[in-house]
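Proteins come first, then strands; the chains are lettered A, B, ... in the order of their sequence lines, and each starts at number 1.
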Protein chains: 2
Amino acid sequence: MARPPRFDISQLLDAAVRLAAEHGPSGVTMSAVAQSVGAPSGSLYHRFAGRPALLAEVWLRTVEGFQEGYFAALRSGDGPRAGGRAASRHVVAWSRAHPQEAALLLYGAHEFGRDDWPEGHLRRADEGNMRVRAAVAALAGALGLHGELGLERVSLAVVDLPLSLVRRHLRGGEPLPPHAEELAEQCTDALLTVG
Amino acid sequence: MARPPRFDISQLLDAAVRLAAEHGPSGVTMSAVAQSVGAPSGSLYHRFAGRPALLAEVWLRTVEGFQEGYFAALRSGDGPRAGGRAASRHVVAWSRAHPQEAALLLYGAHEFGRDDWPEGHLRRADEGNMRVRAAVAALAGALGLHGELGLERVSLAVVDLPLSLVRRHLRGGEPLPPHAEELAEQCTDALLTVG
DNA sequence: AATATTATGGAGAGTACCCTCTAGAACATG
DNA sequence: CATGTTCTAGAGGGTACTCTCCATAATATT
């Protein structure tokens, strides 16, 4: 009992991803997204409460899409060490497969106006962060790395380090080199070595 | 033979640093900087050709200030390994001493409108990048890490990894924990280990 | 003291963007 | 076919920012 939409949400978010990858988060304006899919600006406000809501949706859809495979990789393999290596490798492989979304991830929620997000989106973001923290803590425990320092070292190994590797290349505009997965895995393994 | 300036360049750049640290690069508008020091907007255009030039100056002054101590640290110590450790430690210590400037570094030249920079500023930026690349290559050579993969591993160890550590905390709004220098040094050392 | 030089101080044009609002179009259901 | 609902379509107000321009002020030199 309603008129069918001509522009659906995912189509608009796809355009937003493209704009964010090319011009940064500030390039994701309501008008730019509208123009990019040929929609009038008014239509955007039927889907999103405002610009902060749009930015939150793009960010969360991307992060959640990434995390899906990330958790699976962490739990895969034989033992915590192998899981860590697989997770690191997944960060790079996923970024290679989704370069635009990876460029988006490298910015961080703050640049996507996190401070202005509606309540519900903030909760979604926090939930994702908690899940990552918990998974990393479990890994650290299984590896025998205790205390604040050990936890942080594991975080660096399986999250920040592979992201750094991706950032180094994508920010330069180049694609990821073929050996990137291999390098990420080696470096993560070196950091997970209990000294 | 001229009226003395009431607002000198460094004072304006200081304000720009403050704004960038608090609201991100997009918060560094000509009006905001002017208002922040109590100057009329016109005065800003006597010092900087436009907003791109202002952003370039803030960025370059900060990066060059950072690199000064960084190169000294890289060359310090006993042998390349110790130099790498000192460099990693320097990244963290400098960020602790200059939290606002560190927040600025974490953004990257691209977010400061690098694409719109005047020619001269681009050259200055390139020169700095070249110097870092050369220093890292020299370190890799001294450590016996050859090839593209070895070079990249050393870059991660002495540049990206310590920056990641800083980012993890500063982006969350927290200050750096006391053990950060120690952790950075340990992790860098682990990555520089020739396996 | 006259002059050249360099700043200030502030008004205002031009532009881009966010968002609102209204009229009407397209469809499912009774 | 009538009705109610959801969407399109686009005009337009409000706001923030960049940049220009010009009259005026303060100084060093002659």
Rounded distance in Å - CD1 (A:I9) to C1' (D:dC7): 13 Å

Value in whole Å for how far the C1' atom of D:dT20 lies from CZ of B:F48: 18 Å

Cationic N near anionic O, under 4.0 Å, B:E64 to B:R124: yes

B:E181 and B:R89 ion-paired at < 4.0 Å: no

Residue pairs passing the side-chain hydrogen bond (donor to acceptor under 3.5 Å, both in side chains) test where at least one lies in residues 14-29 of chain B, sequence neighbours excluded: B:D14-B:R61, B:R18-B:S36

Those residues that, when tested against B:R114, pass salt bridge (charged side-chain N to carboxylate O under 4.0 Å, His left out) (two or more places apart): B:D126

Closest heavy-atom pair and its distance - B:L156, B:L191: C-CD1, 4.4 Å

Mutual orientation of the aromatic rings belonging to B:Y107 and B:F112 [parallel < 30°, tilted 30-60°, perpendicular > 60°]: perpendicular

Protein-to-nucleotide contact annotation, 5' to 3' order, nucleotides 8-18 of chain C [B base; S sugar-phosphate only; - none; under 4.0 Å, heavy atom]: BBBB-----SS

Positions of residues 112-121 of chain A (non-hydrogen atom under 4.0 Å from DNA chain C), listed by number: none

Derivation and outcome, salt bridge (charged side-chain N to carboxylate O under 4.0 Å, His left out), residues B:R168 and A:D160: CA-CA 8 Å; B:R168 158 174 295 275; A:D160 302 286; 2.5 Å; yes

B:F66 and B:H98 aromatic centres sub-6.0 Å: no

Within residues 13-27 of chain B, residues whose heavy atoms come under 4.0 Å of DNA chain D: none

Of all pairs that satisfy salt bridge (Lys or Arg N to Asp or Glu O under 4.0 Å), the ones with a partner from residues 97-113 of chain A, not counting sequence neighbours: A:E111-B:R171

Any donor-acceptor N/O pair, B:R96 side chain to B:P177 backbone, under 3.5 Å: yes

